[in-house]
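Structure, as structure tokens:
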Amino acid sequence: MLKSHYYENLVEAGCDEAGRGCLAGSVYAAAVILPPDYENDLLNDSKKLTAKKRYALREVIQRDALAWAVGIVTPEEIDKINILNASFLAMHRALDQLSLRPEAVIVDGNRFKPYQDLPFTTIVKGDGKFLSIAAASVLAKTYRDDYMLGLAKEYPQYDWQSNMGYPTKKHRQAIRDHGITPYHRKSYNLLGDGQLCFDF
């Protein structure tokens, strides 16, 4: 069972992102505030769950959470500010939208840019340790998957319905064969050969 909180007696938001390592598409992040002493045996790091379980849990999280929100940063913004800053910005945008103001933030990973004046803690593999971060990972992943499935209909040749924009052989071959789309991150090594071959 994952832990319900990190900070004692503070309204705590858990944050996580999805799509950081993708070649295409926006990066998504979620912020979730769960009730004190919340319990959910099924909630875990979204990468350890099947798609079916993630979508079922999304409904539960949205019903049970005191507040939740999703923040998005576009490929154009990623190319301008880099993916690390874009991940922080997506989390900040999610936190901005929460209907309940958090008093502290816990974040999956080892780096974060301070949000307003709130205390924060970064937790490596936090999505497998704390319920609110796990919940954020599920929301970020499922909402981003929905978005990539929509883009896959627009650009079927890139196999986004399977790879969700991540760098698979099929995805990279499609870039070689068809070039890039407006959704590709031009600052990334899109062909995986160490060469950035696209001019801005």
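Start at 1 with the first residue, then count along the sequence.
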### Query
Considering the options L2, I123, L43, which one meets the side chain to side chain contact (heavy atoms under 4.5 Å, CB included) requirement together with F130?
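Checked L2, I123, L43 against F130; only one passes side chain to side chain contact (heavy atoms under 4.5 Å, CB included): I123.
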
### Query
Do you know which of V11, V105, L95 makes side chain to side chain contact (heavy atoms under 4.5 Å, CB included) with L118?
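It is V105; the other options fail the test.
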
Ignoring hydrogens and angles, tell me if any N or O in the side chain of [X] forms a donor-acceptor pair with the backbone of [Y] under 3.5 Å.
| X | Y | answer |
| --- | --- | --- |
| E12 | A104 | no |
| R54 | L49 | yes |
| Q97 | V70 | yes |
| D79 | S187 | yes |
| H184 | G179 | no |

Exercise: identify the closest heavy-atom pair between [X] and [Y]:
| X | Y | result |
| --- | --- | --- |
| G126 | D108 | N-OD1, 2.8 Å |
| N163 | G165 | OD1-N, 2.7 Å |
| Y166 | G19 | OH-N, 3.5 Å |
| A31 | A94 | N-CB, 3.7 Å |
| G14 | A136 | O-CB, 3.5 Å |
| V27 | R144 | CA-NE, 4.5 Å |

### Neighbour count >12 (heavy atoms, 6.0 Å) for atom OH, Y115
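Enclosed: over 12 neighbouring heavy atoms sit under 6.0 Å from OH of Y115.
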
### Message
For E76, is the CD atom crowded, meaning more than 12 foreign heavy atoms sit under 6.0 Å from it?
### Response
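Enclosed.
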
### Message
Between L191 and R176, is there a side-chain heavy-atom distance shorter than 4.5 Å?
### Response
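With C-beta onward as the side chain, the pair touches.
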
### Task
Please step through side chain to side chain contact (heavy atoms under 4.5 Å, CB included) for the pair K53 and L42, ending with a clear verdict.
CA-CA 9 Å; K53 283 183 179 162; L42 302 175; over 6 Å; no

Can you tell me how far apart [atom1] ([X]) and [atom2] ([Y]) are? Round to the nearest 0.5 Å.
| X | Y | atom1 | atom2 | value |
| --- | --- | --- | --- | --- |
| I81 | F88 | CD1 | CZ | 10.5 Å |
| R185 | I78 | CZ | CD1 | 3.5 Å |
| Y38 | I33 | OH | CD1 | 14.0 Å |
| K141 | L57 | NZ | CG | 14.5 Å |
| I133 | I106 | CD1 | CD1 | 4.0 Å |
| H5 | L131 | NE2 | CG | 11.0 Å |

### Task
Would you please indicate if the ring centroids of Y155 and H178 are separated by under 6.0 Å?
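They do not qualify: ring centres at least 6.0 Å apart.
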
### Query
Does the separation of the ring centres of Y143 and Y28 fall below 6.0 angstrom?
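Here the rings of Y28 and Y143 have centres that are no less than 6.0 Å from each other.
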
So, [X] and [Y]: side-chain donor and acceptor under 3.5 Å apart, yes or no?
| X | Y | result |
| --- | --- | --- |
| S132 | Y6 | no |
| Y183 | E154 | yes |
| T181 | Y158 | no |

Path from [X] to [Y] over hydrophobic side-chain contacts below 4.5 Å:
| X | Y | value |
| --- | --- | --- |
| V60 | V138 | yes |
| Y147 | I180 | yes |
| L100 | M91 | yes |
| I72 | W68 | yes |
| F120 | V124 | no |

### Query
Can you list the steps and then say if I175 with L23 is a side chain to side chain contact (heavy atoms under 4.5 Å, CB included)?
CA-CA 10 Å; I175 295 170; L23 303 180; 4.1 Å; yes

### Message
Assess whether a salt bridge exists between R58 and D145, defined as any Lys/Arg side-chain N lying under 4.0 Å from an Asp/Glu carboxylate O.
### Response
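Result for this pair is no, no salt bridge flagged.
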
### Message
Under 4.0 Å between a side-chain nitrogen and a carboxylate oxygen: does that hold for R101 and D117?
### Response
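Salt bridge present between R101 and D117.
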
#### Entry: salt bridge (charged side-chain N to carboxylate O under 4.0 Å, His left out) contacts touching residues 122-137 (sequence neighbours left out)
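Qualifying pairs, neighbours excluded: K47-D127.
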
#### Entry: Verdict with supporting geometry, D177 and Q157, side chain to side chain contact (heavy atoms under 4.5 Å, CB included)
CA-CA 9 Å; D177 294 343; Q157 58 270 47; over 6 Å; no

